[in-house]
Every structure is written in structure tokens, then in C-alpha cells.
Amino acid sequence: MFYKKQESKKDRQTLKRQSLSSRRWRNFKKNRRGYWSLLLFSILFFLSLFAEVLSNDKPFLIKYEGAWYFPLLKSYPETTFGGDFETEADYRDPYILDKLTAPGNKVFFPLNPYSSNFIDLDLGEAVPAAPSKTHLLGTDDRGRDVFARLIYGFRLSVLFGFALTLTGTLTGIVAGAIQGYFGGTTDLIFQRFIEIWSAMPELYLLIIFASIFKPSALLLLILLSLFGWIGLSDYVRAEFLKGRNLDYVKAAKALGVGNFTIMQRHLLPNAMTPVITFLPFRMSGAILALTSLDFLGLGVPPSTPSLGELLKQGKANIEAWWLSLSTFIVLVGTLILLIFIGEALREAFDPRKQ
């Protein structure tokens, strides 16, 4: 009988959580602007994950003399397709292209036949070249396709935003939970540490480390993660401070339940509301931080496609309006979608609307 009561209690708790989640999802869908922003952002991000298939100077499929080849997955020497050299085949070479398009052979190029670092040597005009049928959004000052670099740069920005948001959120939750739950001396020591840590000049540290180490997205992720958790930990700390003295928490302590179990099972779900609602805003801040650092030359290496690097080229070539305009539309559009998603989440998790 005791076990049946325990099982029925767990079933009621599960149904309650499911009903709360369903109500929040309905409230989120009621905000049509946020709902459609989430769909559009998800579609764009999903497509960017296959950037190599959408935009590449290599064909994704070749049928040559009855055999099938996949250049995106494996490198083939030029001799495979009737060439003279053992180096990797240049699929834009007219000689190799004639071999691949001969009767009985087939070659399938991506929709945009340029990769992010492919330099078009057959432009026939000065770079940066204006938009044309060959390059829909023109080229940059090195002859690289702007549309291709936007696709790859958008993917890099979103993935970097996801990674920085995830690391900062996890660190902020752990730090805030420890401060709020234990309080007292633990909270006091943490607060003094946060005051000292947040007073450190983040930009100067980035400049110093950029001059010592080779710039990379991983280095930026580590440096920005050292400071990205501070703002979120305050909200988690406040929720744990508020919940640690509630009756059901005191009852759990009296029954001998461990601190970690109480924090995870009883306090953390209530503290997740501000965390979830702030996620899109934190991600937009991470994307903007990466773009700003790339624009200042403190971000990823110059050959890496990024939105900040394109904006920097637009500033250096002010007459090439397509560089700044296309990048501005992609960057601002991404930030607006994330802001709309965040507003919808905030309304969905508002306890007054449950």
C-alpha cells in the first residue's frame, strides 16, 4: 500500500509538470511573433549546418566512368579524373571540368559553387566586385564570395553563441546555487570574489592574450566564459535564497535528504525560470561580442569567415556597399529573431499567465 501511494504521488507530480509545460508552450505559441521567429531561426540554423553542401567550390557528387565519387567527404588526386598530377583535383579547372562533363559523366555542384575561402581568379574586374549573376552578393577585397562567407560566418556566430551561453549558464547556475543555498560565510566569500573578478578589465585581457596566443574561437570562448557567468549567478542566487527557508525545504532537511538532492530536486526547478527567459538575450550578446572582437581584429584568424570580419572590410572599402549592407542585414536580423524569442519565453514563463 505504501509503494502504491508513492507511485500515485509521483504520477500526480509528473502530470502536474507536464500540464505546466504544456501551458507554457501554449502561452509561447500565442505570441505569434516569437513563435515564427523561433521557426525561422531554427530553419536558418539547420541549413547553415550543411554550409558545405549549400556553398562549396567542390562538387558534392561525381559520376566518372561508371564510378561514384564524393569530394566533400574525401580528397581525390587529379589523376583520378584524367589529370596529370597527384595533388588534389581542382574541380574548377577547365581541363578537369571538361573531363567530368564529358558524355556519360555527371558532376553536381552546390547551389552556390564557392566556398568561404575560394578566391575567384577569373573575375575580370577589380575587387571587391559588385553583385552579379556569378556572385549574388559580390566579392570581398580578396575576391572571395560574400554569400558563401555569410553562410559560414552565420554558422560560426550561432555555434559560438550556443557554446558561450551554455558554459556561462552552467557556471552561473552552479555558482548562484552554492551562494544562495548555503548563504552565510560561503555567500560572503563568493560575493567578494565576484566583486574583484568583475572589476578586472576584460578587454585588456583579451588584447594581452591575443598578442601571446594564436587567435582562435576556442581561446575566445574560454576567455569570455571566465566573465560570462557573473550576471546570471545573481538571479539564481536570489531564487535559492528565497527558497531555502520554505517549509518543504526545511521538511526535506529534517528527513535527512542530502543538500545536493534538495538543490537539484526542490530549488533548481523554481530557479530555472529566469535562466530560461534570459537564454536568447545571452546568446544575442555572445554573437554581438564575437562580431565586435572580429571587427577590432581580436577575434578569430583573418581567414576564418565571420560577420565582424566582413563589417571590417566594409569599413575599409566604404564604396563597396554590398559588404556592409548584407552583413548588417544578417547580423541585425539574427539579433531581432533572438530578441523576439526571448520576449515570447519571458511571457510564457510569467507566473501571472500560467
Side-chain angles (χ1 to χ4, degrees), residues 6 9-10 12-25 27-28 161-200 202 221-222 224-286 338 341-354:
Q6 289 292 104
K9 183 179 179 181
K10 290 182 179 180
R12 288 196 300 270
Q13 291 177 349
T14 303
L15 290 174
K16 185 177 180 181
R17 286 195 295 266
Q18 291 177 351
S19 61
L20 179 60
S21 300
S22 61
R23 287 199 300 270
R24 286 172 173 172
W25 175 244
N27 289 337
F28 181 84
F162 273 131
L164 183 58
T165 302
L166 179 62
T167 54
T169 300
L170 292 178
T171 308
I173 289 175
V174 173
I178 294 175
Q179 292 179 78
Y181 181 77
F182 293 102
T185 305
T186 303
D187 185 28
L188 183 64
I189 294 175
F190 258 97
Q191 286 299 103
R192 300 293 81 79
F193 171 76
I194 289 176
E195 290 176 1
I196 297 173
W197 190 253
S198 59
M200 296 180 66
E202 184 177 355
L221 178 62
I222 294 175
L224 293 178
S225 297
L226 296 177
F227 300 90
W229 58 273
I230 297 176
L232 184 64
S233 65
D234 294 336
Y235 295 97
V236 179
R237 170 180 173 269
E239 293 294 331
F240 272 74
L241 281 173
K242 181 175 63 176
R244 60 185 290 225
N245 294 320
L246 296 178
D247 292 337
Y248 67 90
V249 176
K250 293 181 178 179
K253 289 182 178 179
L255 291 173
V257 181
N259 291 328
F260 179 76
T261 303
I262 294 175
M263 294 168 65
Q264 179 188 17
R265 184 177 300 174
H266 300 294
L267 294 177
L268 184 59
N270 296 327
M272 288 302 293
T273 297
V275 173
I276 295 176
T277 53
F278 275 108
L279 285 181
F281 301 105
R282 293 181 62 83
M283 186 171 173
S284 62
L338 289 173
I341 295 171
E343 290 178 348
L345 279 175
R346 185 173 56 192
E347 294 182 6
F349 281 82
D350 190 346
R352 295 171 297 180
K353 297 184 179 181
Q354 301 301 324

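One-based numbering along the sequence shown.
Taking the side chain as every heavy atom from C-beta outward, Phe182 and Asn259 approach each other to under 4.5 Å. You'll find the side chain of Leu221 reaches within 4.5 Å of the side chain of Thr167, heavy atoms only. Ile194 places a side-chain heavy atom less than 4.5 Å from the side chain of Gln179. Using a 4.5 Å heavy-atom threshold, the side chains of Met200 and Phe227 count as touching. Put simply, the side chain of Leu345 reaches to within 4.5 Å of the side chain of Pro280, judged on heavy atoms.
The minimum heavy-atom distance linking Val236 with Ala177 is given by the pair CG1-N, 3.7 Å. When all heavy atoms are compared, the tightest approach of Phe28 to Ile341 is CE1-O, 4.0 Å. In this structure, Glu239 and Ala271 approach most closely via the heavy-atom pair CB-CB, 3.6 Å. Minimum heavy-atom separation, Ala286 to Gly161: CB-CA, 3.8 Å. Closest heavy-atom contact between Gly180 and Arg244: O-CD, 3.1 Å. Contact between Gly168 and Trp229 at its shortest, heavy atoms only, is O-CB, 3.4 Å.
For the side-chain contact (heavy atoms from CB on, under 4.5 Å) with Gln191, the qualifying choice from Leu188, Asp187, Ile189 is Asp187, the only one to do so.
Side-chain atoms of Thr277 come within 3.5 Å of backbone N or O of Pro274 as a donor-acceptor pair. Side chain of Thr165 to backbone of Phe162: no donor-acceptor contact under 3.5 angstrom is found.
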Check against side-chain contact (heavy atoms from CB on, under 4.5 Å), Leu224 and Glu202:
CA-CA 8 Å; Leu224 293 178; Glu202 184 177 355; 3.1 Å; yes
Are Val174 and Ile178 close enough, and set up right, to give a side-chain contact (heavy atoms from CB on, under 4.5 Å), and what steps lead you there?
CA-CA 6 Å; Val174 173; Ile178 294 175; 4.0 Å; yes
Would you please test Val275 and Ile173 for side-chain contact (heavy atoms from CB on, under 4.5 Å) and show each step?
CA-CA 8 Å; Val275 173; Ile173 289 175; 4.1 Å; yes
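To the nearest 0.5 Å, atom CZ of residue Arg282 and atom CG of residue Leu166 are 11.0 Å apart. Rounding to the nearest 0.5 angstrom, the gap separating the CG atom in Leu268 from the CZ atom in Phe260 is 9.0 Å. Interatomic distance, CD1 of Ile262 versus CZ of Phe240, reported as 11.0 Å (0.5 Å rounding). If you take CE on Met283 and OG1 on Thr169, they are separated by 11.0 Å, rounding to the nearest 0.5 Å.
The environment of NZ in Lys253 is crowded: more than 12 heavy-atom neighbours from other residues, nucleotides or ligands sit within 6.0 Å. Sparse packing is recorded around CG of Asp247, with 12 or fewer heavy atoms of other residues, nucleotides or ligands lying under 6.0 Å away. Tyr181 OH: more than 12 foreign heavy atoms inside a 6.0 Å radius.
The aromatic rings of Phe281 and Phe278 stand perpendicular to each other, their planes meeting at an angle above 60°, with 30° marking the opposite boundary.
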